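First up is the structure itself, then whatever we jot down about it.
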Amino acid sequence: RAARPSVLSAVRERPFLIVTGETGSGKSTQLPKYLFEAGLAKHGAIGVTQPRRVATISVAQRVAEEMGCLLGSVVGYQVRFDDCTTEDTAIKYMTDGCLLRQILADPLLSKYSIIILDEAHERSLSTDILFGLLKKLFLQKKPPNRKTAMKVVVMSATLEVDKLSEFFGHCSVLHIPGRSYPVKEIYCNLLSPRDIGSSAYAVKVTLDIHLNEPEGDILVFLTGQIEIERACDLLFKKAESIDYRYEVHDQSVEGLLILPLYGSMSTDQQKRIFLPAPTGIRKCVVSTNIAATSLTIDGVRYVVDSGFVKQLNHNPRVGLDILEVVPISKSEARQRAGRAGRTSSGKSYRLYSREFWEQCMPDHTVPEIRRTSLTSVILTLKCLSVHDVIRFPYLDCPEERHILEALKELYQCNAIDRRGHVTRLGEFLVQFPLPPNLTCAVIKAASLDCEDLLLPIAAMLSVENVFIRPGDPQKQKEAELQHQELSSQVGGCNDFATLLNIFEQCKSPSAWCQKYWIHWRALKSAFSVEKQLREIISKLKQLPDFPKEAFEGSRTEILRRCLCAGYFINVARRSAARTFCTMDGHGSIVYIHPSSTLYNQETRLEWIIFHDVTVTSKIYVRTVCPVRYEWVKDLLPRLHQINAYELSSVAREEVTEEEITKWKHKEDLKRQYGEFHKKMERRNDDQSILDARARYLERKQQRAQGLSGPVKEIG
DNA sequence: GAGCACTGC
């Protein structure tokens, strides 16, 4: 409240303002209110973005309550599938991805007078793109249909503020002091380097806290479901054997309530962590990173931080995503520690040494824009007339080869032309909340008037895995048999068709889902996605230039041919008994994943297309479908027709055909001399896959050894 | 004969 006058004058004077403050300073709820009360929303709404849906809705609810109005009137929110706003909404909370969609429809954001980007320090992909777009929007002359110039406020935890301020033309920075409590940081003395971040060591430290520290709940951060469940089992066994009459120093703590927490748990199971523990019982939540930002648990006084996280990294050279266990950054460690200081002072136990902190942990997490495939993002930018996608004002530039790869893929699916301009198909593709290649298949189907085949598949592929895999081996077998049954009902040789079959058969959370071991929550969201996709496609089909084709063939053949239209980039040919070689220029050797219905049928196949790749003990392709050579042969040349550098030269600036020819000649020369370098680069990337594989095998071995590692006995 | 951290449109 004290900051109110300075916030108002800063926003009035300059186009950009940065506001920093720890969580709990109330900036998300209070600041938009101040701006509204000061009359700054007269010529357009105040839009506030958040990276997550749940946070968006709950902040909007709180502000509506505080202002004594109905949610959806003056204060409203918009997230995917849920628009709770009216014409009169003056303070509109929304997810950052939602605002990005709105920019596509209205590039000047003429409905808004102020845009507030909240949680900017999280550096979500959408927020990063919005940074650049809003900066560009300001640099343009004030458009005639805007009454006042756009104002932009960026709200962030205290983090890389100088960089952010410089990015927005050295704008002013206001700090709002928070009300969080001090958290003492404790580095653990390790018995051996293998202990760093291990579940076994986390269990030991947790029990030490439980037996020696005054009341207050414990939050343990581990990397994944398996690690969490193993730690919970061991904690339970150890905690059970404690004789509290002799062991506990603080008499008020008599037992330990152990609760696992990770994203794939059902919502009901997740809710348990919010219930307060019975008197005298200490709650201990063992969680993935989900508890670092997405879920807040009150009453935590002790954090146990493994120092690691599972991170999805994209490798553009081989075109693969690899899920890796990596050390967290220092700022992420501070974020985790902060979870102990929300209601009183707390302690954070770090399962690593000071030395590890200083030498192995980076200052900041690499932002998503530098770690992810950029195909959709680049298409969005191109559709917003950002032709030069390399020199777009990024707060952090993506690696050039990530951009090149994205351009190449967009060219391959005919979303952009040889000169890097968006095609009509590209304009269709950008409308969909799906990866462009999958959308190609959907559009192909719609042009044949049989989108009913592809929409459910597209929806199923964009939600979490619908197949349940229970931990118990007996049940696992049972589940596998049922999944096989679902596949053989539609011929047993096409994983995409199996997804369609599931979507069509199940319409309610009946016994059906239980019988077939299908995840109802995932299926339900697939229904919502399908509905949304259907709405988009029916709008597009009304356009006069939407493609129309005719084709005679069986249902399964049409389905497979539509899939080819999108997935010809992911085509592979059998090269040895059980291996396939991709045709995308990387020529990777891949295996069919054992979860596929085509696993063990490799010798009967020659050409296949697949949805995605996972690198674990081998390079596996998942969700597979056999195709005929005739269906892809006309499409294959497109994979090699163009050199990505050619597209990039176009990306840098507008060039003439003549210049392209010149450039191509240079490119030929470069290619001759570059062969050696390319080979080396290739080898390095192969090495990175081998490294990932070695790390995976090592982890697996550690897992197999179970908890035989050095666990110091308690008492 | 297999592993899936977390978001978002």
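A quick note: this is a predicted structure, and the numbers were derived from the prediction, not measured. Residue numbers start from 1 in every chain, and the chains themselves are labelled A, B, ... in the order their sequence lines are given, proteins ahead of strands.
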Checklist entry - Roughly, in whole Å, what's the span from CD in A/Glu119 to C1' in B/dG8? => result 15 Å

Checklist outcome for this item: To the nearest angstrom, the CG-C1' distance between A/Asn313 and B/dC6 comes to 13 Å

Item to check | Electrostatic pair A/Arg52:A/Glu119 at N-O distance under 4.0 angstrom | outcome: no

Checklist entry - Taking the side chain of A/Thr95 as its heavy atoms from C-beta onward, which of B/dC6, B/dG8, B/dA2 lies nearest to it? => result B/dG8

Item to check | Rounded distance (Å) that lies between atom C1' of B/dG1 and atom NZ of A/Lys618 | outcome: 8 Å

Checklist entry - Within less than 4.0 Å of OP1 or OP2 of B/dC4, is there a side-chain N or O belonging to A/Thr614? => result yes

Checklist entry - A/Lys310 side chain: which of B/dC6, B/dA5, B/dC9 is closest? => result B/dA5

Next on the checklist: Between A/Asp396 and A/Arg123, does any side-chain N to carboxylate O distance fall below 4.0 Å?
Outcome noted: yes

Next on the checklist: If you compare every side-chain N and O of A/Ser462 against the phosphate oxygens of B/dC9 (OP1, OP2), does one of them come in below 4.0 Å?
Outcome noted: no

Next on the checklist: Please determine whether a side-chain nitrogen or oxygen atom of A/Arg80 lies at a distance below 4.0 Å from atom OP1 or OP2 of B/dT7.
Outcome noted: no

Checklist entry - How many Å lie between CG on A/Leu461 and P on B/dC9, as a whole number? => result 19 Å

Next on the checklist: Just to be sure I understand the rule, does A/Arg53 reach a base, reach only the sugar-phosphate, or reach nothing, if contact means heavy atoms closer than 4.0 Å?
Outcome noted: sugar-phosphate

Checklist entry - Between A/Gln225 (CD) and B/dA5 (C1'), how many Å, whole number? => result 11 Å

Checklist entry - Can you tell me how far C1' of B/dC4 sits from CG of A/Asn289, to the nearest Å? => result 15 Å

Next on the checklist: How many whole angstroms separate atom CZ of A/Phe432 from atom C1' of B/dG8?
Outcome noted: 18 Å

Checklist entry - With distance as the sole criterion, do the side chain of A/Glu480 and the base of B/dA2 form a donor-acceptor contact below 3.5 Å? => result yes

Item to check | A/Thr288 vs B/dC6: side-chain N/O to OP1/OP2 distance below 4.0 Å | outcome: yes

Next on the checklist: What's A/Arg622 touching, base or sugar-phosphate or nothing? Going by heavy atoms closer than 4.0 Å.
Outcome noted: base

Checklist entry - Under the ring-ring contact (aromatic ring centres under 6.0 Å, His included) criterion, do A/Phe221 and A/Tyr349 qualify, and how do the steps go? => result CA-CA 10 Å; A/Phe221 284 105; A/Tyr349 295 79; over 10 Å; no

Item to check | Length of the CD-P vector between A/Gln50 and B/dG8, whole Å | outcome: 11 Å

Checklist entry - Is A/Glu535 salt-bridged to A/Lys539, cutoff N-O under 4.0 Å? => result no

